[in-house]
Every structure is written in C-alpha cells, then in structure tokens.
Student: 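After the structure tokens below, expect a handful of questions from me.
Atoms within a ligand are numbered from 1 in the order they appear, just like the ligands themselves. Reckoned from all heavy atoms, side chains included, excluding hydrogens, waters and symmetry mates. These numbers come from a predicted model, not from an experiment.
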Amino acid sequence: MAIKVGLVGYGTIGKRVADAVAMQKDMKLVGVTAHSYSFNTEVAKQKGYKIFTVDGEGDLKLNGVVPDGDINNLIEEADVIVDATPKKVGKENLDKYYKPKKVKAIFQGGEKHEIAGTSFVAQCNYNEAIDKNYVRIVSCNTTGLCRTLHAVDRKYGIMSVYATMIRRGADPWDIHHGPINAIVPVLEMPSHHGPDVQTVLHNIEIFTTALSVPSTLMHLHTVTIDLKKRANVEDVIELFKNSTRIRVVRNAEHLRSTAEIMELARDMGRLRGDMPEICVWQEAIGVISNAYNKLLYMQAIHQESDVIPENIDCIRAMMGFKDGEKSIKMTNETFGIK
Ligand code: NAD
C-alpha cells in the first residue's frame with residue numbers, strides 16, 4: 001500500500017518535496033498546506049494537490065481557493081508529515097500537532113539536531129532512520145559535505161577536514177535577503193556546518209568557516225582533507241564518479257562556474273532546472289603527498305534541490321523500508337540521476 005505523505009510548509013523545499021512524493025510509485029501525496037494565498041497555492045491547485053489551511057483560512061477564500069480541510073485533517077490522513085516550514089516553526093509544529101497526534105514527521109536543516117535526535121543523509125546513514133518517528137534532514141550545505149566526505153572516508157580514511165562554505169546570498173525568487181554588494185563572513189568559529197556534519201558522520205573531525213556572496217544560484221565549498229592513506233587524483237575522480245548523487249563536472253565541458261552548471265540542469269530538462277547532485281570540479285581536485293596526504297577539491301551545491309531526494313529516502317526508512325541502496329536507486333530514477 002502506498003505511503004501517505006502530508007506536506008506542511010509549501011515553499012522552496014516543500015513544493016519540491018511535494019512534486020517528488022507525487023512521482024514515487026510507492027507514495028501518495030495527501031496534500032499540502034497553504035499558510036497564506038500566493039502563486040504557490042495556484043500552482044498546487046493546478047497540479048491537483050489538496051490544500052489544507054494553517055491558523056484559519058486567511059486570504060484563501062478571498063482569492064477563490066476553497067480549502068480541503070485544515071492541518072489537523074491533513075495529519076489525520078497521513079502516515080508521515082514532511083515539515084518544510086521556516087526554521088523554528090518545525091519545533092512548534094512538533095509540540096502542537098505531531099506529538100499529540102502521534103504522526104511521524106520529517107524536519108529540515110533549519111531545525112536543530114535535537115528536534116529529532118536523528119539527522120539524515122541517505123547514502124551515509126540510511127539505517128539510522130529506519131522505523132524512527134522523527135528525523136531531521138540536514139541542511140543543503142551539510143548534505144553536500146556529507147556526501148563527498150563519506151565517500152572519501154570509506155576509501156582513504158579521514159584524519160581531519162577544513163572546509164569553507166561560500167554561500168549564495170538568497171534563493172533566486174527571494175527579494176528579502178542578500179547581500180547584493182558585499183561579501184559577508186560568518187563571525188563564529190567554527191561555522192555551524194562542521195558540528196552539523198558530525199550529527200551524520202559521527203567520527204569525522206571537521207572545522208568549517210563560511211561567508212555569503214551576492215549570488216542566488218548555488219553554494220561553493222572548498223574542502224581540504226588530511227587523509228590516513230595516500231590518494232592520487234585519478235582515483236579520487238573515479239571515486240566521485242562512482243558515488244551516488246555526486247557529479248564530476250569538467251572545464252572541458254565549459255562547466256566552469258555555478259552559472260553554467262545550472263544552465264546544464266535546465267538544458268537536461270530537469271524539473272525546475274534543479275541539480276540535486278553535488279557537483280565536484282574535476283580540475284579542482286588536487287593531492288599533496290609529501291609529509292602529509294592532503295586531498296583538496298571544490299564542489300557546488302544547488303541549495304534548493306540537493307535535500308529533496310533525501311526527504312524521499314527518509315520517508316521510506318521511517319516507514320520501515322530496510323534496503324537503503326534500493327531506496328536510493330528508486331528515488332534516483334524518478335529524478336533522472338544516473
Ligand atoms: P520558504 O520560506 O521558502 O518556505 C517555507 C514555507 O512555509 C512558506 O511557504 C511559508 O508560507 C510556510 N509557512 C510559514 N509558517 C508556516 C506554518 N506555521 N505552517 C505551515 N506553513 C508555514 O523556506 P525554505 O527555504 O523552503 O526552508 C524550509 C526549511 O528547509 C528550513 O528549515 C530551511 O532551513 C531548510 N532548507 C532550506 C534550503 C534553501 O536553500 N532554501 C535548503 C535546505 C534546507
């Protein structure tokens with residue numbers, strides 16, 4: 001029987017998860033919440049998604065939308081809720097709705113690890129989410145770090161990692177955030193990303209710094225790793241090519257920037273022009289082998305989409321589907337990920 005999924009918080013992440021759920025053969029989208037009326041509500045209606053209100057009907061009826069019920073009705077029909085509300089709202093929803101109504105719930109990276117006690121990246125720790133009631137999908141940056149670090153750790157062993165996150169200032173549709181003419185460092189050491197990686201890759205020693213730049217397309221990470229075993233560049237390229245949800249991109253393809261990578265996603269006909277794979281530049285992979293075994297690389301993260309397949313695999317794990325590799329394969333097929 002199909003897993004019934006309810007979507008609370010229909011924004012950047014929520015609308016993508018809703019579409020992804022609707023594409024899975026073993027899942028059924030019960031519906032989505034409309035916190036207030038917007039073009040998102042109109043598109044949800046066009047797609048035939050049921051619409052459930054939160055905190056009253058607001059301006060929905062004024063704009064001709066007749067809701068199918070409220071958030072309580074959505075929860076009653078669902079086996080699992082994916083909460084993709086802004087940070088801290090997930091915690092409020094947990095206490096107000098999910099716990100009292102005893103429904104399983106997935107939270108996003110804006111919430112703290114403690115909300116669920118389990119943080120998730122499918123190819124790293126699928127088994128930890130099996131049969132759990134609450135799980136948190138880590139942020140887009142942490143997902144990107146975890147995917148490549150996990151592959152490197154399994155092959156070479158990691159002594160320690162230093163990484164800098166060059167973050168997009170805002171999502172493409174977002175008129176409220178920035179910067180538009182500055183580079184803004186995160187003035188805390190380490191940035192929260194390092195400790196967040198450890199909620200998934202528990203034994204990795206990692207120190208991160210971060211800054212924001214005037215771009216909306218993707219984040220870019222520079223990563224430096226002290227390895228336990230010596231590596232060479234060709235083997236690292238093969239490692240990333242053979243790891244799921246990682247794409248090796250090349251200068252020779254004229255994929256020299258985040259702009260060209262996003263153009264590639266659009267040209268490939270990806271839904272919304274998304275690129276859920278972590279893109280590692282082949283020519284930006286380097287090795288220093290003298291007294292140390294150091295590996296350096298740069299990777300790009302499409303912040304709006306890399307966590308979407310993670311939500312899908314997490315739903316299966318929480319509903320008791322035991323085979324993580326099979327789940328990843330099923331999900332990848334629906335996203336067109338090779
Ligand atoms: P968003 O602002 O695009 O969407 C949030 C949606 O929730 C909006 O549609 C809003 O109307 C709705 N909402 C607000 N309060 C609500 C409530 N009480 N009940 C129901 N709906 C409510 O936010 P987003 O970027 O999709 O982020 C959602 C979560 O995903 C956050 O935890 C964020 O940290 C995380 N995340 C965001 C990104 C990103 O780059 N955008 C990437 C990875 C993870």
Student: I need the full list of ring-ring contact (aromatic ring centres under 6.0 Å, His included) pairs touching residues 227-250, with sequence neighbours left out, sorted by first then second residue.
Tutor: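 Every ring-ring contact (aromatic ring centres under 6.0 Å, His included) pair that includes a residue of residues 227-250, provided the two are not neighbours, is Phe240-Tyr297.
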
Student: Under 4.0 Å between a Lys/Arg side-chain N and an Asp/Glu carboxylate O for Asp19 and Arg272?
Tutor: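 Counted as a salt bridge, because a side-chain N and a carboxylate O are separated by less than 4.0 Å.
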
Student: Give the protein residues with at least one non-hydrogen atom closer than 4.0 Å to an atom of ligand 1, ordered by chain and number.
Tutor: Val8, Gly9, Tyr10, Gly11, Thr12, Ile13, Thr33, His35, Val54, Ala84, Thr85, Pro86, Val89, Gln108, Gly110, Cys140, Arg168, Asp171, Trp173, Gln303

Student: Is a salt bridge present between Arg136 and Asp196, judged by a nitrogen-to-oxygen distance below 4.0 Å?
Tutor: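 Yes, this pair counts.
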
Student: For Ser289, which residues count as a side-chain hydrogen bond (donor to acceptor under 3.5 Å, both in side chains) partner, sequence neighbours excluded?
Tutor: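 side-chain hydrogen bond (donor to acceptor under 3.5 Å, both in side chains) check on Ser289 returns nothing, list empty.
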
Student: Going by the side-chain hydrogen bond (donor to acceptor under 3.5 Å, both in side chains) test, which pairs reach into residues 94-104, not counting sequence neighbours?
Tutor: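 Output for this query lists Glu76-Lys101, Asp83-Tyr98, Lys91-Asp95, Lys104-Asn133.
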
Student: Would you call Leu217 and Arg168 a side-chain contact if the rule is heavy atoms closer than 4.5 Å?
Tutor: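 A side-chain contact is absent here, since even the closest heavy-atom pair is not under 4.5 Å.
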
